[in-house]
Structures are given as C-alpha cells and as structure tokens.
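Have a look at the structure below before the remarks.
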Amino acid sequence: MITHLANPDRQLAADIRAGSITFAGNKRMKIFGTLRCAQGKRMKRENRIFFQSIDEAINEGYRPCGHCMNVAYHKWKMDLFNNNIDETRNLLPQDGTVNYYGNILSPKAADRYLDYLLASIPWQHDEAVIFGKHYLTKRKVAWYADMPYEYTYSKVTKRAVVWTAELLELKAIVEQKTGERFNSCLLNLYHDGNEGMAWHSDGEKDLMKDGAIASLSLGAERKFAFRHKQTKETISLMLPHGSLLVMKDTTQTHWLHRLPPTTTVKRPRVNLTFRMMLR
DNA sequence: GGCCTTGCATGGAC
DNA sequence: GGTCCATGCAAGGC
C-alpha cells in the first residue's frame, strides 16, 4: 500500500500509465482506474491510496469514496422504499443466519406505535456489571412476556411483566411475517445517538438455544453491526423506522452484535427484540 | 496542491 | 451490553 503523500505526483502518474499500480478511494470494495472515483468525482488527493495489485487492495480491505457511498446508500433506500428486499437472503457469510425484512409497518403505523411506546411503557434504566463495576445505563429498558419469566444478563436478573394490547399486536405482526413464535420481548429506548450498545451476543441460558430473535426498530435510523468472534469480520446495515431484522441458528454462538454510538443522530430509537424464553 | 483543523467512527483496556 | 482514550480516516477551509 502506498499513500499519495509519500510519492511525487509525477512518479505516481507514470506508475499508473505503466499499469504497475492501481488505486482505491479509502477502504473496501472497489478499484478505480483513474484519478476520479466510480461516480466521476475527483478524489481528494491526500485521501488517495495506491496498490500494486488488485489482490493487495482487496487484502487491505477498502471501499469507495464518500460520493460512491452516498449513491449506494440512496439505492439501498430506494430498494427499501419500493420493498425490493429479499427476505430470504442471509446477511452473514457463515456460522449463523440473519434475515432483513425491510419495513414491515406503514410509516403511519410505525409513528403510532412509536408514540405509544414512548408515552406508555414504564421505561427504566438498565443495570450492568462490567469488570466488577456496577453501572446504570443511559438507555432504558422494559421487559414483557407471556408470564413473569426471569431473565439474567450482565449479572442482573429481571422479571417480566405481561403484554400490553399494543405489544401483542406487534408480536402478532412479527410472528406472521417471520413464521416464528415468541413468548417475550426486551424493549430498549435509546434517547439519541450518544446511547448505544457495546459488542455482545444474546447467549443467556434462559433463552432457547439457536432460537430466533426478531428485532423491530422504531424511531431514528441507526447503524447495526455484526462481528465474527474468531475472524473479526464485520457486517453492518442501517435499521430504519418500522424495519425488522431476524437473527437465528448459530448467530449468537459465533457472532457479536452492537449498536454503535453516533454523534449525528439526535432523535430517539425504540427497539423491540422478540425472543423465545425457556420455561 | 498541500497543510491544518475538525468531526467522526472504531477498537482496546479496564 | 459501560466508559475512556488513542488512533486513523475523511473532508472542509484556506
């Protein structure tokens, strides 16, 4: 890998003409054969990174410049808007199954449920024990189920309360969409982008092993990421208002997931994770 | 074209 | 399933 600043322009131009180097924008995905990105925009010189072969570039892992990323993002949004989502596609390359269903609620219904949840759920700060320290989280949680099940994570045990009518409606919609059955739901409220959730997996003994966990997102669109426990490979996607994501099979055994904090999101997000608890 | 600054995301240590 | 800090991009100003 060669950075632009380490090499005189004239030398770089000669190397490109001779075909002895090719180059990429920033990280991951595409190789561009000119000093413009794939969208025809000039790339800022000092951000250019050069490689001597495509293999070397791929091994380094790189992606298109910001302009290309925006185009890809808008295409993804249009696909979502037009419901061009393949619900059967597995987002994970190995060791688990994650299906993305796109928007399963109309914008109006999603707004209505979000308003209801924000106003009516008895949200409480969560507790966590990490490296022996006891924390009260900024995000808030609520825990609903068929019966007052107990659920332990991060060394804290919670007791569920029984469903509300609105949560039962959402459960029915998610069950119909996924063909799975659920007996409980953990709700998380992230007030803004400052609040997130660190890498973890939902592998508690109270949970049915390899059971499906369906994650319904309401409110602010946030990034969601998976990281393989051994290979460290990461996969990320955006989860917009009214969208559904399902994790199942050995996903929790081999992959961590997280909701990264971000400074750019100012609105709240509510996440409902429907699960199957062992009785 | 290039230096400087800022903003942002990420990962590791505890 | 938190928090803090270091690091490294990406991009704007000039």
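By convention in this document, chain letters (A, B, ...) are assigned in the order of the sequence lines, proteins followed by strands, and residues within each chain are numbered from 1.
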Angle class for the A:Phe274/A:Phe182 ring planes (parallel below 30°, perpendicular above 60°, tilted otherwise)? tilted

Is a salt bridge present between A:Glu195 and A:Arg269, judged by a nitrogen-to-oxygen distance below 4.0 Å? no

C:dT3 P sits how many Å from A:Leu259 CG, rounded? 14 Å

Phosphate OP1/OP2 of B:dA9: any A:Thr263 side-chain N/O under 4.0 Å: yes

What parts of residues 124-139 of chain A reach DNA chain B, counting only heavy atoms under 4.0 Å away? A:Phe131

Please report, rounded to the nearest Å, how far the P atom of B:dT10 is from the NE2 atom of A:His257. 16 Å

Check ion pair A:Arg227-A:Glu233 (N to O, under 4.0 angstrom): no

Whole-Å gap separating C1' (C:dG2) and NZ (A:Lys140): 18 Å

Phosphate OP1/OP2 of B:dG11: any A:Lys232 side-chain N/O under 4.0 Å: no

Any side-chain N or O of A:Arg258 under 4.0 Å from OP1/OP2 of B:dA9? no

Atom CZ of A:Phe226 to atom C1' of B:dG11: distance rounded to whole Å? 19 Å

Please tabulate, for the side chains in residues 128-142 of chain A, all donor-acceptor contacts under 3.5 angstrom to protein atoms that are two or more places apart in sequence or on a different chain.
residue  : atom : partner  : partner atom : Å
A:His134 : NE2  : A:Glu127 : OE1          : 3.1
A:Thr137 : OG1  : A:Asp126 : N            : 3.0
A:Thr137 : OG1  : A:Asp126 : O            : 3.3
A:Thr137 : OG1  : A:Arg139 : O            : 2.8
A:Arg139 : NH1  : A:Asp126 : OD2          : 3.2
A:Arg139 : NH1  : A:Asn188 : OD1          : 2.9
A:Arg139 : NH2  : A:Asp126 : OD2          : 3.2

Any side-chain N or O of A:Thr262 less than 4.0 Å from the OP1 or OP2 oxygen of B:dA9? yes

Heavy-atom count check: over 12 atoms from other residues, nucleotides or ligands less than 6.0 Å from A:Glu169 CD? yes

On the six-membered ring of A:Trp163, is A:Lys171 placed so that its NZ or CZ lies under 6.0 angstrom from the centre and within 45° of the ring axis? yes

